[in-house]
Amino acid sequence: ETGVTQSPTHLIKTRGQQVTLRCSSQSGHNTVSWYQQALGQGPQFIFQYYREEENGRGNFPPRFSGLQFPNYSSELNVNALELDDSALYLCASSVGTGGPGRELFFGEGSRLTVL
Amino acid sequence: GQQLNQSPQSMFIQEGEDVSMNCTSSSIFNTWLWYKQDPGEGPVLLIALYKAGELTSNGRLTAQFGITRKDSFLNISASIPSDVGIYFCAGQRGNSGNTPLVFGKGTRLSVIA
(Lines give C-alpha, C1' and ligand atoms only; values in the text may rest on other atoms or scores of the structure.)
Protein backbone atom coordinates (compact mmCIF):
# COMPACT_ATOMS: atom_id res chain seq x y z
CA GLU A 1 0.00 0.00 0.00
CA THR A 2 1.57 3.26 -1.16
CA GLY A 3 -1.29 5.55 -0.24
CA VAL A 4 -1.73 6.54 -3.88
CA THR A 5 -5.19 5.66 -5.14
CA GLN A 6 -6.33 5.65 -8.73
CA SER A 7 -9.74 5.32 -10.32
CA PRO A 8 -11.19 3.66 -12.19
CA THR A 9 -9.10 0.48 -12.05
CA HIS A 10 -10.36 -0.75 -15.42
CA LEU A 11 -12.31 0.84 -18.23
CA ILE A 12 -13.17 0.22 -21.85
CA LYS A 13 -13.66 3.00 -24.39
CA THR A 14 -14.05 3.18 -28.15
CA ARG A 15 -11.92 5.10 -30.61
CA GLY A 16 -12.61 8.81 -30.66
CA GLN A 17 -14.03 8.94 -27.14
CA GLN A 18 -12.56 10.88 -24.27
CA VAL A 19 -11.44 9.54 -20.90
CA THR A 20 -10.63 11.01 -17.49
CA LEU A 21 -8.49 9.14 -15.00
CA ARG A 22 -8.12 10.22 -11.40
CA CYS A 23 -5.39 10.03 -8.81
CA SER A 24 -5.21 10.87 -5.12
CA SER A 25 -1.67 11.38 -3.96
CA GLN A 26 -0.15 10.13 -0.74
CA SER A 27 -0.74 12.40 2.22
CA GLY A 28 1.83 15.19 2.30
CA HIS A 29 2.89 14.70 -1.33
CA ASN A 30 2.50 17.77 -3.54
CA THR A 31 3.82 16.45 -6.85
CA VAL A 32 2.04 14.04 -9.16
CA SER A 33 3.50 12.35 -12.24
CA TRP A 34 1.66 10.29 -14.83
CA TYR A 35 3.16 7.39 -16.75
CA GLN A 36 1.79 5.21 -19.57
CA GLN A 37 2.75 1.53 -19.51
CA ALA A 38 1.92 -0.42 -22.65
CA LEU A 39 1.77 -4.21 -22.43
CA GLY A 40 5.26 -5.68 -22.12
CA GLN A 41 6.91 -2.27 -21.82
CA GLY A 42 8.28 -0.10 -19.07
CA PRO A 43 6.40 3.02 -17.97
CA GLN A 44 6.75 6.10 -20.19
CA PHE A 45 6.61 9.59 -18.66
CA ILE A 46 3.59 11.64 -19.74
CA PHE A 47 3.79 14.73 -17.53
CA GLN A 48 4.22 16.00 -13.99
CA TYR A 49 2.21 18.49 -11.95
CA TYR A 50 3.52 20.58 -9.08
CA ARG A 51 1.50 23.26 -7.32
CA GLU A 52 -1.28 22.89 -9.88
CA GLU A 53 1.02 23.64 -12.82
CA GLU A 54 2.44 21.30 -15.45
CA ASN A 55 6.11 20.97 -14.55
CA GLY A 56 7.55 18.72 -17.23
CA ARG A 57 6.17 16.78 -20.16
CA GLY A 58 7.22 13.71 -22.12
CA ASN A 59 6.74 12.97 -25.79
CA PHE A 60 2.94 12.81 -25.78
CA PRO A 61 0.56 14.79 -28.01
CA PRO A 62 -1.58 17.66 -26.69
CA ARG A 63 -4.66 15.45 -26.55
CA PHE A 64 -3.09 14.16 -23.33
CA SER A 65 -3.79 16.82 -20.72
CA GLY A 66 -3.99 17.02 -16.98
CA LEU A 67 -4.98 18.95 -13.95
CA GLN A 68 -3.84 19.16 -10.36
CA PHE A 69 -6.20 20.38 -7.67
CA PRO A 70 -5.45 22.35 -4.48
CA ASN A 71 -5.57 19.11 -2.49
CA TYR A 72 -2.83 17.78 -4.84
CA SER A 73 -5.07 15.17 -6.41
CA SER A 74 -4.80 14.98 -10.18
CA GLU A 75 -6.62 14.04 -13.37
CA LEU A 76 -5.33 12.75 -16.66
CA ASN A 77 -7.55 13.46 -19.66
CA VAL A 78 -7.13 11.87 -23.05
CA ASN A 79 -9.18 13.13 -25.99
CA ALA A 80 -9.84 11.47 -29.33
CA LEU A 81 -8.78 8.05 -28.08
CA GLU A 82 -6.75 5.85 -30.41
CA LEU A 83 -6.23 2.09 -30.26
CA ASP A 84 -2.60 2.62 -29.22
CA ASP A 85 -3.76 4.47 -26.12
CA SER A 86 -4.66 1.10 -24.62
CA ALA A 87 -2.32 0.77 -21.64
CA LEU A 88 -1.94 0.84 -17.89
CA TYR A 89 -1.84 4.47 -16.72
CA LEU A 90 0.18 4.93 -13.58
CA CYS A 91 0.08 7.87 -11.23
CA ALA A 92 3.01 8.52 -8.90
CA SER A 93 3.23 11.04 -6.10
CA SER A 94 6.25 12.54 -4.41
CA VAL A 95 7.31 15.38 -2.19
CA GLY A 96 8.45 18.51 -4.04
CA THR A 97 10.52 18.60 -7.18
CA GLY A 98 13.94 19.33 -5.79
CA GLY A 99 16.76 16.84 -5.68
CA PRO A 100 17.54 13.80 -7.77
CA GLY A 101 15.98 10.40 -7.34
CA ARG A 102 13.22 11.53 -5.03
CA GLU A 103 11.12 8.53 -4.25
CA LEU A 104 8.02 8.10 -6.37
CA PHE A 105 5.13 6.18 -4.88
CA PHE A 106 3.06 4.57 -7.60
CA GLY A 107 -0.61 3.74 -7.53
CA GLU A 108 -1.96 0.45 -8.87
CA GLY A 109 -2.88 2.03 -12.17
CA SER A 110 -5.92 2.39 -14.39
CA ARG A 111 -6.07 -0.12 -17.20
CA LEU A 112 -7.59 1.46 -20.30
CA THR A 113 -8.71 -0.61 -23.25
CA VAL A 114 -9.64 1.20 -26.46
CA LEU A 115 -11.72 -0.78 -28.95
CA GLY B 1 10.18 7.15 -26.39
CA GLN B 2 13.64 6.20 -25.23
CA GLN B 3 13.99 3.25 -22.94
CA LEU B 4 16.95 1.68 -21.25
CA ASN B 5 18.31 -1.67 -22.50
CA GLN B 6 17.50 -4.21 -19.84
CA SER B 7 18.55 -7.86 -19.90
CA PRO B 8 17.64 -10.59 -19.74
CA GLN B 9 14.02 -10.13 -20.83
CA SER B 10 12.96 -13.11 -18.74
CA MET B 11 14.51 -15.77 -16.59
CA PHE B 12 13.44 -18.99 -14.93
CA ILE B 13 15.42 -20.03 -11.88
CA GLN B 14 15.24 -22.58 -9.10
CA GLU B 15 14.40 -21.43 -5.61
CA GLY B 16 17.62 -20.70 -3.73
CA GLU B 17 19.58 -19.64 -6.80
CA ASP B 18 21.14 -16.21 -7.22
CA VAL B 19 19.88 -13.86 -9.94
CA SER B 20 21.63 -11.13 -11.85
CA MET B 21 20.13 -8.61 -14.27
CA ASN B 22 21.49 -5.45 -15.81
CA CYS B 23 20.60 -2.27 -17.53
CA THR B 24 22.59 -0.22 -20.05
CA SER B 25 22.21 3.10 -21.77
CA SER B 26 23.98 4.99 -24.51
CA SER B 27 23.80 8.15 -22.41
CA ILE B 28 24.69 9.13 -18.86
CA PHE B 29 22.28 9.04 -15.95
CA ASN B 30 22.84 10.73 -12.59
CA THR B 31 20.53 8.42 -10.68
CA TRP B 32 19.70 4.76 -11.16
CA LEU B 33 16.72 3.07 -9.56
CA TRP B 34 15.40 -0.47 -9.47
CA TYR B 35 11.68 -1.22 -9.16
CA LYS B 36 9.64 -4.41 -8.83
CA GLN B 37 6.13 -4.69 -10.25
CA ASP B 38 3.73 -7.44 -9.26
CA PRO B 39 0.66 -8.28 -11.40
CA GLY B 40 -2.06 -5.68 -10.99
CA GLU B 41 0.18 -3.39 -8.98
CA GLY B 42 2.26 -0.31 -9.61
CA PRO B 43 6.07 -0.42 -9.45
CA VAL B 44 7.63 -0.40 -5.98
CA LEU B 45 11.09 1.06 -5.40
CA LEU B 46 13.69 -1.49 -4.31
CA ILE B 47 16.99 0.38 -4.42
CA ALA B 48 18.12 3.89 -5.40
CA LEU B 49 21.70 4.70 -6.46
CA TYR B 50 23.00 8.27 -6.55
CA LYS B 51 26.76 8.07 -7.16
CA ALA B 52 28.86 6.39 -9.84
CA GLY B 53 30.43 3.25 -8.40
CA GLU B 54 27.96 3.10 -5.53
CA LEU B 55 27.08 -0.38 -4.29
CA THR B 56 23.92 -0.59 -2.21
CA SER B 57 22.15 -3.50 -0.55
CA ASN B 58 18.59 -3.98 0.62
CA GLY B 59 18.29 -7.38 2.28
CA ARG B 60 18.99 -10.02 -0.34
CA LEU B 61 19.16 -7.39 -3.08
CA THR B 62 22.34 -5.64 -4.16
CA ALA B 63 22.62 -3.03 -6.89
CA GLN B 64 25.51 -1.07 -8.34
CA PHE B 65 25.75 2.22 -10.22
CA GLY B 66 28.26 1.71 -13.03
CA ILE B 67 31.42 3.81 -13.10
CA THR B 68 30.62 5.10 -16.58
CA ARG B 69 27.13 6.19 -15.36
CA LYS B 70 25.73 4.28 -18.33
CA ASP B 71 24.84 1.04 -16.60
CA SER B 72 23.61 -0.62 -13.45
CA PHE B 73 23.04 -4.15 -12.24
CA LEU B 74 20.79 -5.81 -9.69
CA ASN B 75 21.59 -9.07 -7.92
CA ILE B 76 19.16 -11.13 -5.87
CA SER B 77 20.67 -13.79 -3.64
CA ALA B 78 18.99 -17.00 -2.53
CA SER B 79 15.79 -16.41 -4.49
CA ILE B 80 12.43 -17.27 -2.95
CA PRO B 81 8.99 -17.68 -4.57
CA SER B 82 7.87 -14.16 -3.63
CA ASP B 83 10.69 -12.73 -5.76
CA VAL B 84 8.52 -13.53 -8.79
CA GLY B 85 7.60 -10.39 -10.71
CA ILE B 86 8.90 -7.90 -13.22
CA TYR B 87 11.98 -5.91 -12.31
CA PHE B 88 12.51 -2.53 -13.94
CA CYS B 89 15.56 -0.34 -13.99
CA ALA B 90 15.02 3.39 -14.27
CA GLY B 91 17.41 6.25 -14.83
CA GLN B 92 17.14 9.93 -14.12
CA ARG B 93 19.35 12.32 -16.06
CA GLY B 94 19.20 15.65 -14.37
CA ASN B 95 19.76 16.82 -10.84
CA SER B 96 16.45 18.59 -10.57
CA GLY B 97 13.51 16.72 -9.20
CA ASN B 98 11.31 17.29 -12.22
CA THR B 99 13.58 15.25 -14.45
CA PRO B 100 11.44 12.30 -15.44
CA LEU B 101 12.38 8.67 -15.00
CA VAL B 102 13.36 6.64 -18.07
CA PHE B 103 12.49 2.97 -17.64
CA GLY B 104 13.79 -0.26 -19.13
CA LYS B 105 11.40 -2.85 -20.57
CA GLY B 106 11.76 -5.05 -17.52
CA THR B 107 13.08 -8.47 -16.60
CA ARG B 108 10.37 -11.03 -15.85
CA LEU B 109 11.56 -13.36 -13.10
CA SER B 110 9.99 -16.76 -12.48
CA VAL B 111 11.08 -18.87 -9.52
CA ILE B 112 10.53 -22.62 -9.58
CA ALA B 113 10.06 -24.09 -6.14
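Lettering follows sequence order; numbering is per chain, from 1. For the numbers below, each heavy atom of this structure counts, side chains included, while hydrogens, waters and symmetry mates do not.
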Revision key, fill the gap. Turns out that what part of A:Tyr35 lies under 4.5 Å from chain B's heavy atoms comes down to side chain
Practice item. Check whether A:Gln37 gets within reach of chain B through its side chain, its backbone, both or neither, counting any heavy atom under 4.5 Å. Key: side chain
Check for me, please, whether [X] and [Y] land in the same ILVMFWY cluster - side-chain distances under 4.5 Å, paths through other members count.
X        : Y       : answer
A:Leu81  : A:Leu11 : yes
A:Leu112 : A:Phe45 : no
A:Phe64  : A:Leu88 : no
B:Leu109 : B:Ile47 : yes
B:Leu49  : B:Ile76 : yes

**Study point:** chain A contact via B:Gln37 - side chain, backbone, both or neither, heavy atoms under 4.5 Å
**Key:**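 The answer is the side chain of B:Gln37.
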**Study point:** Within-4.5 Å side-chain heavy-atom neighbours: B:Phe88 and A:Pro43
**Key:**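 Side chain of B:Phe88 against side chain of A:Pro43, heavy atoms only: contact under 4.5 Å found.
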Check your understanding: Looking at B:Cys89, B:Gly91, B:Gly104, B:Pro43, which one has more heavy-atom pairs under 4.5 Å with chain A than the rest?
Key ->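 Most heavy-atom pairs within the cutoff with chain A belong to B:Pro43.
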Practice item. Can you see which heavy atom on A:Leu90 is nearest to which on B:Gly42, and at what distance? Key: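 Minimum heavy-atom contact is CD2-CA, 4.0 Å.
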Point to revise | A:Leu104 to B:Tyr35 - nearest heavy-atom pair and separation | key: CB-OH, 4.0 Å
Check your understanding: With a cut-off of 6.0 Å (strictly less than), are more than 12 heavy atoms of other residues, nucleotides or ligands near CZ of A:Arg57?
Key ->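 Yes, because the 6.0 Å sphere around CZ of A:Arg57 holds more than 12 heavy atoms from other groups.
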